[in-house]
Amino acid sequence: MWHGAPPLRRRAFLGLAAALAIPGCARDPIASVRLGSGRPGGLFHEFAHLLAHAAAREGTVRIEPIVTDGSRANLDMLARGEIDAALSLADTVTSTGIGTRAIGRLYETYIHLAVPADSPIRRVGELRGARIDLGVEGSGAAVTAERVLRTAGLDPGRDVVTGNHELSDAVAMLHTGTVDAIVWGGGIPTPGPDIPGRARLIDLGDAVPALRQRFGYDYDRVAIPADAYPGSPGLATIGVPNLLLAGSGLPDATVARITRLLVRSADGLMPAQALGFHFLNRRWLVGTGTVPLHPAAAAQYRDEHG
C-alpha cells in the first residue's frame, strides 16, 4: 500500500524499478580475469601485479595473477582454458602455432647470456661442450635460448649440456661453477646477477640476422647501455617484445576494459626493471606484429585516440 507516500517519491520508485527491469540498465558485474604471468621476481610476475593493482583502483575489472613457468606454459594454459589472459614473448607465440589475439605490446625483453667473469668464453659458438642453463622449462627465454644455440651451430642436449632452473638458482650455480653459462630474459638491469662482479655478459648482437633468417621472426637488435649494469661495458643483444594475450572466451567488454587500463594507467604499470623500455602508449601498444590485435582492443585504442 502507498498510503501517505508523496506522489513524487512514488513515481521515482516506480521509475527506478522499471529501469532495473531493463537489460543493461543495471551496473554490470565486475569480470574476474585469471592472468597467467611468470615466476616471482620476474618481469611478467611484477607487471601482472601492477596491472591487478591498477584494475582494483579503476574498479571495472578484476585481475587475478597466476604464477606460472612463463610464456610457453601460459600459452598451453590459455589453449586449455585454465586462464583467461596471458603474458608471453612474441616469438614464443609465433613458434607454437596456438591461435590467439593480443590486447597489446608491453615491453622489450632483453635476452641475457652470462658466463663467469673469468671465463675464456667470448662468443656463443665457444659454448660447445659447456654446461648451460636455459631458464625455466616452459619459459619464453628458454625457447629463444635454444634458437640462439642452434643458430650458432650447437644442438642443445648434444653439443652442450642443458639445464632448466629459476634465475636465482641458475645464478648461484654459475657462481659456484656448477654451470658454465646461463640465459635469461628480462628487463635491464635484471636484479640478482652480480654483473660485472662475478658474471660477464656475452654480446649477442651478431646473432640477430641469422635468427631472423632461420626462424622467420623479426628479432630486434637492442643495446644494453654501459650504465645499465654499473661498471659493465655496453653491448648488443636480442630483443623480443612481450605481449598481453586474450583467451578465446574473454568477452569483448572485458578486453576493452583491460585495454583502457593499459592506456590510462600506463604510469603505474612500469616494473622497476623495465623503466625506459616499454611500449605503454597507444602508438606502440598496437604494434603486435604477426600476432593479430584483438578487435575489441583495436576499437578501444581508436576510442582513446579520438
Side-chain angles (χ1 to χ4, degrees), residues 36 38-39 42-44 68-79 86-98 108-115 119 121-171 173-174 178-186 190 193 199 201-222 224 235-243 289-291:
R39 294 289 184 95
L43 186 62
F44 283 2
T68 71
D69 287 336
S71 298
R72 180 55 196 257
N74 287 345
L75 290 167
D76 291 339
M77 293 172 70
L78 200 66
L87 297 167
S88 177
L89 296 190
D91 65 334
T92 305
V93 180
T94 60
S95 73
T96 61
I98 296 174
E108 189 83 78
T109 290
Y110 289 68
I111 303 300
H112 297 68
L113 170 60
V115 297
S119 171
I121 295 171
R122 298 286 172 178
R123 301 169 50 206
V124 179
E126 296 171 1
L127 287 168
R128 187 177 302 275
R131 301 158 299 173
I132 178 170
D133 194 277
L134 304 180
V136 175
E137 189 172 0
S139 69
V143 172
T144 308
E146 286 196 6
R147 289 184 166 192
V148 172
L149 292 174
R150 293 186 186 282
T151 300
L154 301 175
D155 184 352
R158 188 185 68 184
D159 298 322
V160 295
V161 178
T162 61
N164 299 96
H165 296 86
E166 291 190 39
L167 179 58
S168 58
D169 294 333
V171 168
M173 295 167 69
L174 187 72
T178 308
V179 296
D180 303 301
I182 61 174
V183 178
W184 76 92
T190 301
L201 293 175
I202 300 293
D203 194 302
L204 296 176
D206 291 345
V208 172
L211 279 170
R212 291 173 177 169
Q213 182 176 9
R214 178 162 183 171
F215 295 102
Y217 179 81
D218 192 19
Y219 287 96
D220 299 323
R221 187 181 192 275
V222 294
I224 297 181
L235 68 158
T237 193
I238 302 156
V240 189
N242 54 67
L243 306 176
T290 57
V291 180

Tell me if the CG atom of Asp206 is crowded by more than 12 foreign heavy atoms within 6.0 Å.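 Check fails, neighbour count at 12 or below.
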
Does Glu146 have more than 12 heavy atoms from other residues, nucleotides or ligands lying within 6.0 Å of its CD?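 Yes, the 6.0 Å shell around CD holds more than 12 heavy atoms from other groups.
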
Side-chain heavy atoms of [X] within contact of [Y], under 4.5 Å:
X	Y	answer
Val171	Ile182	yes
Leu89	Val143	no
Ile238	Arg221	no
Arg147	Ser95	yes
Leu113	Ile132	yes
Val160	Arg131	no
Trp184	Ser139	no
Leu87	Leu243	no

For the side chain of [X] and the backbone of [Y], is there at least one donor-acceptor N/O pair under 3.5 Å apart?
X	Y	answer
Asn74	Ala86	no
Arg128	Asp159	no
Thr109	Pro241	no
Glu108	Val240	yes
Asp220	Val222	no
Glu126	Arg122	yes
Arg214	Arg150	yes
His112	Tyr110	yes
Asp203	Ala236	yes
Thr68	Gly70	yes

Does the side-chain contact (heavy atoms from CB on, under 4.5 Å) test come out yes or no for Ile111 and Val183, once each step is laid out? CA-CA 7 Å; Ile111 303 300; Val183 178; 4.1 Å; yes

Picking from Leu201, Ile224, Val208, what satisfies side-chain contact (heavy atoms from CB on, under 4.5 Å) with Thr237?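 The residue from Leu201, Ile224, Val208 that satisfies side-chain contact (heavy atoms from CB on, under 4.5 Å) with Thr237 turns out to be Ile224.
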
For the atom pair [atom1] ([X]) and [atom2] ([Y]), what is the distance rounded to the nearest 0.5 Å?
X	Y	atom1	atom2	answer
Phe44	Ser71	CZ	OG	4.0 Å
Leu154	Leu127	CG	CG	6.5 Å
Asp91	Asp218	CG	CG	11.5 Å
Leu204	Leu235	CG	CG	7.5 Å

Which atom names give the shortest non-hydrogen contact between [X] and [Y], and what distance separates them?
X	Y	answer
Arg123	Ile121	O-CG2, 3.5 Å
Ala207	Thr151	O-CG2, 4.4 Å
Ala152	Val124	CB-CG1, 3.6 Å
Leu149	Pro156	CD1-CG, 4.1 Å

What about Phe215 and Tyr217, are their ring centers closer than 6.0 Å?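 That pair fails the under 6.0 Å test.
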
Take Asp180 and Ser119 through the test side-chain hydrogen bond (donor to acceptor under 3.5 Å, both in side chains) and record every step on the way to the result. CA-CA 8 Å; Asp180 303 301; Ser119 171; over 6 Å; no

Verdict with supporting geometry, Glu137 and Asp69, side-chain contact (heavy atoms from CB on, under 4.5 Å): CA-CA 7 Å; Glu137 189 172 0; Asp69 287 336; over 6 Å; no

Derivation and outcome, side-chain contact (heavy atoms from CB on, under 4.5 Å), residues Val148 and Leu211: CA-CA 7 Å; Val148 172; Leu211 279 170; 4.1 Å; yes

Check step by step if side-chain contact (heavy atoms from CB on, under 4.5 Å) holds for Thr190 and Leu167. CA-CA 10 Å; Thr190 301; Leu167 179 58; 3.8 Å; yes

